[in-house]
Amino acid sequence: MQRRDTEVPQRDPSHQEPKPAPHQPLPEGSLDRLEEEIAAAAEELIGEAVGTEQTALARPPRPELGDYSTNAGLILARQARLPPRQLAQQIGEGLQRRLGGRMLHFEVAGPGFLNIFLDDAWHVQALRSVLAAGERFGAGGAQRPQRVLIEFVSANPTGPMHVGHARNAAYGDALGRLLAFHGEHVSREFYVNDAGSQILKLGESIQAIAEGREPPEHGYHGEYVHSLLGAVAAGERVSAAELGGRAVAIIVEKMKSSLARFRVLDYEHWQYESELHEVQPQLLGREGTPVSPVAHAIELLEQKGMTYRSEGALWLRTSQLGDDKDRVLVRANGEHTYFASDIAYHQRKRERGFERQIDVWGADHHGYVPRMRAAYQALGGDPDHLEMIIMQLVHLVRDGRRAQMSKRAGEFVTLDDLVQEIGVDAARWYLLSRSHETTIDLDLDLAVKQSSENPVYYVQYAHARIASMLVKASAHVRFQALEGPDPPALHPSERDLVKVLLQFPHEVAEAADRRAPHRIAAYALELAQSFTAFYRDCRVLGAQPACAEELRLALSSATQRVLARALDLLGLSAPESM
RNA sequence: GCCCCCGUAGCUCAGCUGGAUAGAGCGCCGGACUUCUAAUCCGAUGGUCGCAGGUUCGAAUCCUGCCGGGGGCACCA
């Protein structure tokens, strides 16, 4: 074993840092630590601080190329004024002095890669660091935790949620879980568009059907409207507006239960658009009297000189802030546009103290992005603090051809249909294992047929396998601390599994920073595969010597924990048995 | 016309803030169940990374142009 005091990187030799307590070792097995050592070795050579943003510690494509490789020699060659291979060689020598026996040897390869070969003790120590982190392994990597508000789904309350909403729901929910685990303070909201003409139309449609008439032109048809007839009692005379309001209440309740079944974590707040038009006692306007949030936002924009009147309407100068043209806030007929409500909503969110707002929108809203960003900026917000994530569409495929999703044509797959047909886990995996930036083709018949082959079950199976194994083991082995002597030699599959586990914090950080939960799905599959290979190659229960069994149980336990975490981040279940 | 997304194996998709011989799942073909869960495993097949230039030691990745697919360009929501 290396002496610890030779391994502490001394970035500033003149500053005496307190030695770490013997029982609180630095996370020697962590990749951050390894990167630090590489950077330190490079700095020692170059004699100045090096930019490590560009350098990367990677897993080489083939095992013969070592456990890890770094491109530091290539990236820093210019700064060091050395040929890349020569620099890599010297960094390797420095690293060898720092890591001592933990590094078996190194090789310089290709144009200047430094390939690093680590010994078994390094891997065992790495596993210990994973175990020591416990449930927090991979958590809390956020640089500076912020109050983040994610608004997602926000389906119009005029009909059922379709597969597009399902994708939005799965994504927004997973992103929320991911950011929270990463260390952000996450809130979730659903924006209910319960104002405007569409709700009136909905009321009129229900009225018409209740009275045996045809719904009005551009009204709502179909079974779904029939299911809302409970909003009006037999013989009762109510206005279309009132009826529309009642229908919204019913639909929102339906959406809540559908989302809960889809395992979407509860929203902190359901924001009704209509409330943004109501006078809020605590919100004082220019005149010193209470105003509505919409009026408040418009006043602010007027004060900043960002509005003007033209053709009877009130306009916002969004074209000054990157939009193609100016946009109307108040129409000539005196009604507010949807845009005005949305501005008020975003302003309220900011005033409520959210430092970052993430809106998850459908692809059909992408043209809306520049004006919203402009408005946010016009109100004094930092445009970088408003993220509008555009989800690409889910295309319905029937008989190998794309079909338009249309309520009238019956080509309409709802969130509930999807859950009923293939289940929550398969549906979520299907929607979350792909980037939100790519369109998805959904052939429901095919999805049903293939649902049993969904890779999600492979991941869950690995989890269940470990669970069942650990139940058998727990009676006679203590493994959590991994206190025994290191086993004689690790199997390649054991070393590989350790390295895949070590990747997890990095994967979480990447997925969170890039708003890309699908990376977690890819990682979960890779981890399950590595575990299965390990399970195939290494007998766990009863392995000899005892320290080998202890290590393998520890490895299994750590894997189970990370699998469960990855599944949870995607809102998937982690069954104990299958 | 302008803007956004996509084009990678038979299919569905990863990889895209530049790294080594481009990956996975499914499908297809051949094999493995008295052994810790066979919802598994092993092997085989499978690619002009849409096309053409450019930048670079190095391009699926960055830049430009083109082709193809999808979506959006309201005093609708």
Side-chain angles (χ1 to χ4, degrees), chain A residues 53-54 56 58 60-62 65 69-71 74-75 77 83-85 109-113 115 156 158 193 195-199 201 218 273 310-315 324-325 327-342 362-370 390-393 395 400 402 429-430 433-443 446-447 450 452-462 464-473 510 513-514 516 518-519 521-523 525-526 529 532-533 535-543 549 552-553 556 577-578:
Chain A
E53 303 80 31
Q54 301 291 319
R62 295 182 302 286
L65 297 177
S69 77
T70 174
N71 59 359
L74 287 157
I75 299 296
R85 288 188 58 102
F113 292 105
N115 292 337
N156 278 337
T158 53
N193 295 131
S197 56
Q198 54 166 357
I199 304 302
K201 271 282 191 310
H218 303 303
E273 182 188 358
S310 175
E311 300 168 57
L314 184 70
W315 296 73
D324 292 337
K325 48 177 279 197
R327 306 290 172 174
V328 172
L329 295 173
V330 184
R331 288 182 261 172
N333 66 9
E335 285 177 20
H336 295 109
T337 58
Y338 172 84
F339 184 41
S341 307
D342 222 0
D364 53 342
H365 278 65
H366 104 258
Y368 201 74
V369 169
I390 301 302
M391 304 290 301
Q392 291 303 315
L393 301 182
H395 277 120
R402 281 192 175 172
W429 182 276
Y430 191 85
S433 56
R434 296 146 164 80
S435 159
H436 67 89
E437 288 182 326
T438 192
T439 47
I440 292 181
D441 283 333
L442 175 65
D443 184 329
L446 199 61
Q450 293 179 344
S452 63
E453 281 135 23
N454 192 306
V456 72
Y457 300 121
Y458 182 90
V459 178
Q460 292 178 324
Y461 185 69
R465 225 177 201 177
I466 299 172
S468 119
M469 199 168 67
L470 293 183
V471 165
K472 290 181 183 168
E510 282 287 296
D513 290 343
R514 293 160 78 152
H518 74 278
R519 286 176 163 262
Y523 173 77
L525 190 58
E526 188 190 352
Q529 284 168 330
T532 304
Y535 182 85
R536 176 195 69 219
D537 294 336
C538 303
R539 174 79 203 185
V540 179
L541 298 179
E549 182 184 33
R552 287 172 184 178
L553 285 166
S556 301
S577 65
M578 288 175 77

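Here is the naming used below: chain letters follow the sequence lines, and residue numbers restart at 1 for every chain.
- Taking the side chain of A:Asp364 as heavy atoms from C-beta on, and the options B:rG72, B:rA20, B:rG15, the nearest nucleotide is B:rG72.
- For A:Arg62, the listed nucleotide lying nearest its side chain is B:rU21; candidates were B:rU21, B:rG70, B:rC76.
- For the pair A:Asn454 CG and B:rC26 P, the interatomic distance rounds to 10 Å; values are reported in whole Å.
- Across all strands shown, A:Asp324 has no heavy atoms under 4.0 Å from either base or sugar-phosphate atoms.
- Between A:His436 and B:rC5, a side-chain N or O to OP1/OP2 separation shorter than 4.0 Å is absent.
- Of the candidates B:rC75, B:rA39, B:rA14, the closest approach to any side-chain atom of A:Ala313 belongs to B:rC75.
- Atom CD of A:Glu526 is separated from atom CZ of A:Arg519 by 12.0 Å, given to the nearest 0.5 angstrom.
- Spacing between B:rG30 and B:rU12 at atom C1', rounded to whole Å, works out to 25 Å.
- Residue A:Ser435 is in sugar-phosphate contact alone, with no base atom involved, counting any heavy-atom pair closer than 4.0 Å across all strands shown.
- Nucleic acid contact for A:Ala195: sugar-phosphate only, since backbone atoms but no base atoms lie under 4.0 Å from a heavy atom of the residue.
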Determine which bases of RNA chain B form Watson-Crick or G-U wobble pairs with both distances under 3.5 Å, and write the result as a 5' to 3' dot-bracket string with | for other-strand partners. (((((((..((((.....[...))))..((((.......))))......(((((..]....))))))))))))....
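- With a 4.5 Å cut-off on side-chain heavy atoms, A:Tyr430 and A:Leu442 count as touching.
- Residue-to-nucleotide contacts include a donor-acceptor pair under 3.5 Å from the side chain of A:Ser69 to the base of B:rA20.
- The same atom, P, is picked in B:rU45 and in B:rG10; the two are 15 Å apart, to the nearest Å.
- A close approach under 4.0 Å does occur between a side-chain nitrogen or oxygen of A:Arg519 and OP1 or OP2 of B:rC16.
- Residues A:Asn333 and A:Glu335 approach most closely at OD1-N, 2.9 Å, considering heavy atoms.
- To the nearest 0.5 Å, the span separating OG1 on A:Thr337 from CH2 on A:Trp315 amounts to 10.5 Å.
- Checking B:rC75, B:rA20, B:rC41 against every side-chain atom of A:Thr532, the shortest atom distance belongs to B:rC41.
- Counting all heavy atoms, side chain and backbone alike, A:Met578 lies closest to A:Tyr457 at CE-O, 3.8 Å.
- A gap of 12 Å separates the C1' atoms of B:rU56 and B:rC63, to the nearest Å.
- Distance OH (A:Tyr430) to C1' (B:rU12): 7 Å, rounded to an integer number of Å.
- One C1' atom belongs to B:rA52, the other to B:rA9, and the distance between them is 24 Å to the nearest Å.
- A:Leu446 comes within contact range of no nucleotide atom at all, as no heavy-atom separation falls under 4.0 Å.
- For the pair A:His518 NE2 and B:rC13 C1', the interatomic distance rounds to 10 Å; values are reported in whole Å.
- The shortest heavy-atom contact between A:Arg539 and A:Leu541 is NE-O, 2.9 Å.
- Comparing B:rA74, B:rG19, B:rA77 against the side chain of A:Arg327 picks out B:rA74 as the nearest.
- Proximity of A:Arg434 to the phosphate of B:rG15: no side-chain N or O atom is located under 4.0 Å from OP1 or OP2.
- For B:rU8 and B:rC42, the C1' atoms lie 27 Å apart once the distance is rounded to whole Å.
- In plain terms, the two heavy atoms of A:Pro83 and A:Ala77 that are nearest each other are C-CB, 4.5 Å.
- The nearest pair of heavy atoms linking A:Thr439 to A:Gln392 is N-CB, 3.7 Å.
- For the P atoms, the distance from B:rA77 to B:rC67 is 37 Å, rounded to whole Å.
- Rounded to a whole Å, the CD atom of A:Gln460 is 10 Å from the C1' atom of B:rA39.
- Closest non-hydrogen pair, A:Gly367 versus A:Pro370, comes out as O-CD, 3.5 Å.
- Between A:Phe339 and A:Pro455, it is A:Pro455 whose nearest contact on RNA chain B lies nearer the 5' terminus.
- Considering only side-chain atoms of A:Leu65, the nucleotide from B:rA20, B:rC13, B:rA74 that sits closest is B:rA20.
- No aromatic stack links A:Phe113 and the base of B:rG19, using centre distance under 5.5 Å and interplanar angle under 30°.
- Here B:rC75 is the nucleotide among B:rG70, B:rC75, B:rC26 with the atom lying nearest to any side-chain atom of A:Thr337.
- In this structure, A:Thr532 and A:Tyr458 have side chains that are in contact, with non-hydrogen atoms separated by less than 4.5 Å.
- Between A:Pro111 and A:Leu74, some side-chain heavy-atom pair lies under the 4.5 Å cut-off.
- As rounded to whole Å, 17 Å separates atom P of B:rC4 from atom CG of A:Leu393.
- Closest approach to the A:Tyr458 side chain among B:rC57, B:rU40, B:rA20 is made by B:rU40 (side chain taken as heavy atoms from C-beta onward).
- When the P atom is compared between B:rA60 and B:rG7, the two are found 15 Å apart, to the nearest whole Å.
- Within the 4.0 Å cut-off from OP1 or OP2 of B:rC75, at least one side-chain nitrogen or oxygen of A:Lys325 is found.
- The side chain of A:Leu525 has B:rA24 as its nearest neighbour among B:rA24, B:rA14, B:rC76.
- In this entry the distance linking CD of A:Glu453 with C1' of B:rG27 reads 9 Å, nearest Å.
- Residue contacts shown for A:Ala332 include a base, since a base heavy atom lies under 4.0 Å away.
- Residue A:Asn71 places no side-chain atom within donor-acceptor reach of the base of B:rA20, judged by atom type and a 3.5 Å distance cut-off alone.
- When the C1' atom of B:rG58 is taken as reference, atom CZ of A:Arg85 falls 14 Å away, rounded to whole Å.
- Taken from CG in A:Asn193 to CD1 in A:Ile199, the straight-line distance is 7.5 Å, to the nearest 0.5 Å.
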Letter by letter from the 5' end, nucleotides 32-38 of chain B scores (B base, S sugar-phosphate only, - none; protein heavy atoms under 4.0 Å) ---SBBS
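- The nearest whole Å value for the distance from the CD atom in A:Gln529 to the C1' atom in B:rG25 is 8 Å.
- Side chain of A:Ala109, nearest nucleotide from B:rA14, B:rG71, B:rA20: B:rA20.
- Distance check on atom C1': B:rG27 versus B:rU21 gives 26 Å, rounded to whole Å.
- Nearest-nucleotide positions on RNA chain B place A:His366 closer to the 5' end than the other of A:Asn333 and A:His366.
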